[in-house]
Asker: 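Please find one structure pasted underneath; my questions will follow.
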Amino acid sequence: MAAAEEEEEEEMRRRFMAPPVSGLRELRRRRRELGSRMELLIMETQAEVCRALAALDPGASFAVDTWERKEGKLPFCAMGVSSVIHPKNPHVPTMHFNYRYFEIEEADGTKQWWFGGGTDLTPTYLNEEDAVHFHKTLKEVCDKHDLKLYPKYKKWCDDYFYIKHRNERRGIGGIFFDDVDSPSKEEVFQFVQSCAKAVVPSYVPIVKKHCHDSYTPEEKLWQQLRRGRYVEFNLVYDRGTKFGLLTPGSRIESILMSLPLTARWEYMNTPPESSKEAEILEVLRNPKDWVH
């Protein structure tokens, strides 16, 4: 192997969890193009989140599973980074984030593009300090770009992650946006980049704070019931899951990776008034403004 190739491989091992789809050399050649910059952001975000979590759980390891869709080579560009973390400890909340970019080329050569994404938190039990930290981190990121973004995308998140048949939100929200194509490609990319960089500081301190908390069998049971709600939302309402399941040649394992390993349903489960379980339900039914 040539020295340049060895150096390239070493850089990929240092920076990423897996080689970029386009290859590091090609990304360097096209480094000014937004598609290349977005792909690098995706790879860097993946590595940053995985390594931050691995540092808190030294016994865990990540596997790389590369897959190529047989129906590839279609006339559009779609890329993104998506993660759902379902911790074992019921005092560590579930977290989901997804940032994506789409581009299509019309017959006349003109291109249409848009970004989407968001980050949201789903605790089993309410910890107001954690909720404030999470939302404050996201608000600070949004405010650096436009003071109107956080309230707009916070409401969009509360409205999107709504389990209509339960009259509950999936969690305590965060930010969510889709089909964003203004004010300019560069400005939206800069915003998405800032959001992706905020994933670790918004969530990992919460994991670190609670990962060694003790819990009872009853608290574990409540976590399983809440995860049943997570399953209901993802299978009934989530657009990405529904789109993936209806797409020919899609990889089902990847589409359903957002579901927890275990979940539970109980007939007419209603927690006692003034209980910790009832407290989280109140917030899920009536979203709060965590920061002002």
Asker: How about His91 and Thr124: does a side-chain donor come under 3.5 Å of a side-chain acceptor?
Answerer: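 His91 vs Thr124: no donor-acceptor pair found between side chains.
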Asker: Is there a donor in the side chain of Gln112 and an acceptor in the side chain of Glu106, or the other way round, less than 3.5 Å apart?
Answerer: yes
Asker: If you measure only the distance, is there a donor-acceptor pair under 3.5 Å linking the side chains of Glu219 and Gln223?
Answerer: no
Asker: Heavy-atom distance under 4.5 Å between the side chains of Thr119 and Phe134, does that happen here?
Answerer: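 A side-chain contact under 4.5 Å exists here.
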Asker: Before accepting this row, confirm whether a basic side-chain N of the pair Glu140/Lys144 lies closer than 4.0 Å to the acidic partner's carboxylate O.
Answerer: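 So Glu140 does not pair with Lys144 through a salt bridge.
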Asker: Do Ile206 and Pro93 touch side chain to side chain, with heavy atoms closer than 4.5 Å?
Answerer: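 Yes - at least one pair of side-chain heavy atoms lies under 4.5 Å apart.
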Asker: Which atoms form the tightest heavy-atom contact between Met17 and Ala47, and what is the distance?
Answerer: CG-CA, 3.6 Å
Asker: Are the ring centres of Tyr237 and His165 closer than 6.0 Å?
Answerer: yes
Asker: Could you tell me whether Arg264 and Glu266 make a salt bridge, using a distance below 4.0 angstrom between a side-chain N and a carboxylate O?
Answerer: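 So Arg264 pairs with Glu266 through a salt bridge.
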Asker: List the steps and the verdict of salt bridge (charged side-chain N to carboxylate O under 4.0 Å, His left out) for Glu39 and Arg37.
Answerer: CA-CA 5 Å; Glu39 186 174 346; Arg37 294 164 66 198; over 6 Å; no
Asker: Which of these, Arg226, Arg170, Glu279, Arg229, sits in a side-chain contact (heavy atoms from CB on, under 4.5 Å) with Leu284?
Answerer: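 Output: one option passes, namely Arg226.
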Asker: In the single-linkage hydrophobic clustering (I, L, V, M, F, W, Y; side-chain heavy atoms under 4.5 Å), do Leu221 and Val231 co-cluster?
Answerer: no
Asker: Can you classify the ring geometry of Tyr153 versus Trp156 as parallel (below 30°), tilted (30 to 60°) or perpendicular (above 60°)?
Answerer: tilted
Asker: Is a side-chain N or O of Arg31 found less than 3.5 angstrom from the main chain of Arg28, in a donor-acceptor match?
Answerer: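 Present.
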Asker: Which pair of non-hydrogen atoms, one from Gly244 and one from Ser250, has the smallest distance, and what is that distance?
Answerer: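 Between these two residues, the closest heavy atoms are O-OG, 2.7 Å.
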Asker: Side chains of Gln46 and Phe16: closer than 4.5 Å at any heavy-atom pair?
Answerer: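 Side-chain contact under 4.5 Å: no.
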Asker: Answer yes or no: is there a side-chain heavy-atom contact under 4.5 Å between Asn167 and Tyr162?
Answerer: yes
Asker: When rounded to the nearest 0.5 angstrom, what distance separates CG in Leu256 from CG in Leu245?
Answerer: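 Reported value, rounded in 0.5 Å steps: 5.5 Å.
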Asker: Please examine the side chains of His135 and Tyr150, heavy atoms only from C-beta on, and report whether any two atoms are closer than 4.5 Å.
Answerer: yes
Asker: If the threshold is 4.0 Å, N to carboxylate O, is there a salt bridge linking Arg251 and Asp65?
Answerer: yes
Asker: Compute the centroid of each ring, for Phe233 and then for Tyr160, and state whether the two points are separated by less than 6.0 Å.
Answerer: yes
Asker: Is there side-chain contact between Ser22 and Arg30, with heavy atoms separated by less than 4.5 Å?
Answerer: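 SC-SC contact between Ser22 and Arg30 confirmed.
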Asker: Examine Leu281 and Ile163 and state if one hydrophobic cluster contains both, with Ile, Leu, Val, Met, Phe, Trp and Tyr joined whenever side-chain heavy atoms are less than 4.5 Å apart.
Answerer: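 Shared cluster, yes.
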Asker: Just wondering, more than 12 heavy atoms not from Glu253 lying within 6.0 Å of its CD?
Answerer: no
Asker: Between His86 and Tyr230, how do the two ring planes meet: parallel, tilted or perpendicular, split at 30° and 60°?
Answerer: perpendicular
Asker: Before you tell me yes or no, could you show the steps for Asp146 and Lys152 under salt bridge (charged side-chain N to carboxylate O under 4.0 Å, His left out), namely the whole-Å CA-CA distance, both residues' side-chain angles and the distance that decides it to 0.1 Å?
Answerer: CA-CA 11 Å; Asp146 189 329; Lys152 177 181 179 180; over 6 Å; no
Asker: State plainly whether the residues Lys242 and Asp238 are in salt-bridge range, i.e. N to O under 4.0 Å.
Answerer: no
Asker: Mark yes or no for whether His133, through its side chain, and Pro201, through its backbone, hold a donor-acceptor pair below 3.5 Å.
Answerer: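 Checking the backbone N and O of Pro201 against the side chain of His133, a donor-acceptor pair under 3.5 Å is found.
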Asker: Crowded around Lys276 NZ? As in, over 12 foreign heavy atoms under 6.0 Å?
Answerer: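 It does: Lys276 NZ has more than 12 such atoms within range.
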Asker: Does a sphere of radius 6.0 Å around CG in Leu261 hold more than 12 heavy atoms from other residues, nucleotides or ligands, not counting ones at 6.0 Å or beyond?
Answerer: no
Asker: Check whether any side-chain heavy atom of Met95 lies under 4.5 Å from a side-chain heavy atom of Thr122, and answer yes or no.
Answerer: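 Result no, sub-4.5 Å side-chain heavy-atom pair not found.
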Asker: Flag yes if more than 12 heavy atoms outside Lys197 fall under 6.0 Å of its NZ atom; otherwise flag no.
Answerer: yes
Asker: For the CD1 atom of Ile85 and the OG1 atom of Thr94, what is their distance to the nearest 0.5 Å?
Answerer: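 Result: 9.0 Å between the selected atoms.
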Asker: Can we call the ring centroids of Phe177 and Phe191 under 6.0 Å apart?
Answerer: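 Yes.
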Asker: Between Arg100 and Asp178, does at least one N-O distance fall below 4.0 Å, as a salt bridge requires?
Answerer: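 Yes, charged N to carboxylate O under 4.0 Å.
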Asker: Answer yes when Glu48 and Arg15 have at least one side-chain N-carboxylate O distance shorter than 4.0 Å, and no when they do not.
Answerer: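 A salt bridge is absent here (no side-chain N lies under 4.0 Å from a carboxylate O).
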Asker: I'd like to know whether CZ of Phe62 has more than 12 heavy-atom contacts from other residues, nucleotides or ligands below 6.0 angstrom.
Answerer: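 Yes, the 6.0 Å shell around CZ holds more than 12 heavy atoms from other groups.
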Asker: I'd like to check Ile42 versus Met79 (side-chain heavy atoms, cut-off strictly below 4.5 Å). Are they in contact?
Answerer: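 Counting from C-beta outward, Ile42 and Met79 do come under 4.5 Å.
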Asker: Tell me whether Val132 is reachable from Tyr125 by hopping between hydrophobic residues (I, L, V, M, F, W, Y) whose side-chain heavy atoms are closer than 4.5 Å.
Answerer: yes
